[in-house]
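Quick notes on the structure that follows.
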Number of protein chains: 2
Amino acid sequence: MPKGSASTIVDIARELGVAPSTVSRALKDHPFISQDTKDKVKKVAARLGYRRNTLAAGLRNSHSNIIGLIVPRISMYFQSAVITAIQNTIHSMGFELIVCQSNDSYKQETELVNVLYGSRVEGLIVSCTMYTTDFSHFKIFTDNQIPLVFYDRVPRNFPAHIIRGDDFEGGYMGGKHLLERGCKDIAFINGVLSCNLYQDRLEGLKSALKKAKVPLKKSRFFSHELTVANAEATCKKMFSRKPFPDGVFCANDTTAIVTLQYAKKAGIKVPQELKILGYSNDPRTEIISPALSSIEQFPAEMGEKTAKAMLDLIHTRNYPKKPVESVTPAKLIVRETT
Amino acid sequence: MPKGSASTIVDIARELGVAPSTVSRALKDHPFISQDTKDKVKKVAARLGYRRNTLAAGLRNSHSNIIGLIVPRISMYFQSAVITAIQNTIHSMGFELIVCQSNDSYKQETELVNVLYGSRVEGLIVSCTMYTTDFSHFKIFTDNQIPLVFYDRVPRNFPAHIIRGDDFEGGYMGGKHLLERGCKDIAFINGVLSCNLYQDRLEGLKSALKKAKVPLKKSRFFSHELTVANAEATCKKMFSRKPFPDGVFCANDTTAIVTLQYAKKAGIKVPQELKILGYSNDPRTEIISPALSSIEQFPAEMGEKTAKAMLDLIHTRNYPKKPVESVTPAKLIVRETT
DNA sequence: TACCTTTATGCAAACGTTTTCTTTCAAAAG
DNA sequence: CTTTTGAAAGAAAACGTTTGCATAAAGGTA
């Protein structure tokens, strides 16, 4: 057992009195190496505790077997569910995943793109910052023909594979559902409008309201980062004086949960006086009482699609000149708050 | 803008008529290079879109600037919270984190250890599989003097840094609390006993019960993977005939939530007839009604400690001969179920 | 002028693997 | 008995960066 120094192909070669090239070939079952030699090489390799240096191999072949992932935050339910699926799919194909968080900072995102490029990742998977509207920092990947796949928070009109949810439809279904439940005065608590998700959800909702000829009043529309603190502030404002809205559509579940808790505390009956609808179908929605209606986004499917798009791109090298979009449908999950 | 081929240090050198070594030094502000040359080099580097090939640099310096992380599952609340902290701390020191999931499979864990070793990661951070009792696959890291840090699910008696929660104390506090609330017949739904966490929580609980001279009856003790399905089966068994226990301590929150929901459905009044206590202080515990009492584990602190231990090890190269343990205290969070 | 520093740069080897191009050797074909 | 063929293995270059050592020019001192 070699302590302190890793053994290399050369060590094995020396020990057996063969050339390093022979060892290299033997280890990967090259057809022109005799079974006898292969056996000997493998035996010695095992004895010396040989492990292939992927760095050296990567340098030689100019690839790393590592796929980079940039994500705003790991700990959001939707994201961690997607990452799990991506990781498992990708790993089963012999790739590793290097996971980085942009923490929703545009600056960090651009830095990460450069760092991962420098690491010569085989491909890059990204869910953008909610503030990313300029996507030129990703050009270095397309310019150098390195596979690039976006999911969830994605650019419009960037020549890459785009795996996204049907946020327009989600917004539309949500609006339609609240209307069908009798809401006449709907409030919408949305994320920041620099992000495609929230643009689409808003457009979807507007479309549903327009069809029913119900307006979305300015005083009923809120747009900000969907944190607990912001949601609380918005609730305070929204319920500061009557009339209260009779339906609140929240663009994420955290906000919906805060709203529901606020309503309970304020003695507003849910769903009788107020209907609340969330987005993402976070596990918490099932558990809170009354259980929150929400929009399911199928993170596992999205993750798998994303990973498959990446692996496909790596194998076919079929780089798109235009955006190639794949839309995962959204699904309304009706529970007790509507 | 170079399309299809990345520019190297040699390209820059050729363009300026200097040696590659000069370029290399200029790019990292080596003191023996004149300001004039540095400026010129940096200008050309910027123009050519040069990005340092970390693979090549890593090969030369035999390090990769990448830290490996093996975790059973990304999507568990506690884990994703720890990972977030690790990732942010580590990244601020110029390292990247490569995140892998063992999916609680021992075989996958050993494979991942070898793959990450092959990638010449700078260090390895691990939270083990719940079934890992043989830790010899990690020896390759200690043998080759590569920093190794375990957290949460950790080995006993392995010469490495160990960052763990105070699970004995958690179990003890939980037991004491239920006793203080008047429970006489306490059930314990535990994880599998191959894992240090669950061993310690059990010992802690036993210790509290012993002090109060209350026995932990065999029929009140359950040990299995703490999934929703298993928890439901256990509830079914536990509440199949009277007398029911008057307190249930669950070694994770998912199980506590299932138990609470089962009790509600069965018309058992919580906390009057049955007190329920979870473990980990998952966000869901605050939201469910009645709100679940639980044991906080401070994942962010643990993550930061873990990352710092790793960075410290990388800098000082102070490899432990014996386990170096750091214990993060647990804290009882009393809510409505007890 | 000869010698020594100091400062700035170049040269070349090294990291470990892969792969192209040769070479060797034995057996089959002529 | 020579030539051809084919299998098996070796030699060497290459990937891009870093670094110890050598060198060169400029300036200072004796």
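Note that the structure is a prediction, hence the values are computed from the model and not measured. To find a chain, count down the sequence lines: A is the first, B the second, and so on, and within it residues start at 1.
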For residues 53-61 of chain A, which residues have at least one heavy atom under 4.0 Å from DNA chain C?
-> N53(A), A56(A), A57(A), R60(A), N61(A)

So, does the side chain of S21(B) form a donor-acceptor pair with the base of dC11(C) at under 3.5 Å?
-> yes

For T89(A) and E304(A) the tightest heavy-atom approach is OG1-CG, 3.7 Å

Would you mind reading off the distance between [X] atom [atom1] and [N] atom [atom2], rounded to a whole angstrom?
X      : N       : atom1 : atom2 : result
I9(A)  : dA14(C) : CD1   : P     : 18 Å
H63(B) : dG16(C) : NE2   : P     : 14 Å
L48(B) : dG16(D) : CG    : C1'   : 15 Å
D36(A) : dC25(C) : CG    : P     : 18 Å
K28(B) : dT17(D) : NZ    : P     : 10 Å
F32(B) : dA24(D) : CZ    : P     : 18 Å
I33(A) : dA9(D)  : CD1   : P     : 5 Å
D29(B) : dT18(D) : CG    : C1'   : 16 Å

Before accepting this row, confirm whether a basic side-chain N of the pair D39(B)/K43(B) lies closer than 4.0 Å to the acidic partner's carboxylate O.
->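 No salt bridge links D39(B) with K43(B).
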
E301(A)/K305(A) salt bridge by N-O under 4.0 Å criterion =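 Salt bridge: no.
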
Contact nearer the 5' end of DNA chain D, comparing R25(B) with R51(B) |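 So the residue in question is R51(B).
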
Counting any heavy atom closer than 4.0 Å, what does G17(A) reach on the DNA or RNA strands: base, sugar-phosphate only, or nothing?
->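 G17(A): backbone/sugar contact only, no base atoms under 4.0 Å.
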
With a non-hydrogen cut-off below 4.0 angstrom, is T8(A) in contact with a base, only sugar-phosphate, or nothing?
->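 Answer is sugar-phosphate: T8(A) comes under 4.0 Å of backbone atoms only.
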
Output the single nucleotide from dT18(D), dG20(D), dT17(C) whose closest atom is nearest the side chain of V10(A).
-> dT17(C)

Please indicate whether D134(B) has more than 12 foreign heavy atoms, meaning atoms of other residues, nucleotides or ligands, lying under 6.0 Å from its CG.
-> yes

For N157(A), does the CG atom have more than 12 heavy-atom neighbours from other residues, nucleotides or ligands under 6.0 Å away?
-> no

Please state whether the phosphate of [N], meaning OP1 or OP2, lies under 4.0 angstrom from any side-chain nitrogen or oxygen of [X].
X      : N       : value
T22(A) : dG10(D) : yes
K38(B) : dA8(C)  : no
S34(A) : dA7(D)  : no

With under 30° as parallel and over 60° as perpendicular, where do the rings of F32(A) and H30(A) fit, or are they tilted in between?
->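 Judged by the thresholds at 30° and 60°, the geometry between F32(A) and H30(A) is perpendicular.
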
Is it true that the side chains of E96(B) and S119(A) contain a donor and an acceptor less than 3.5 Å apart?
-> no

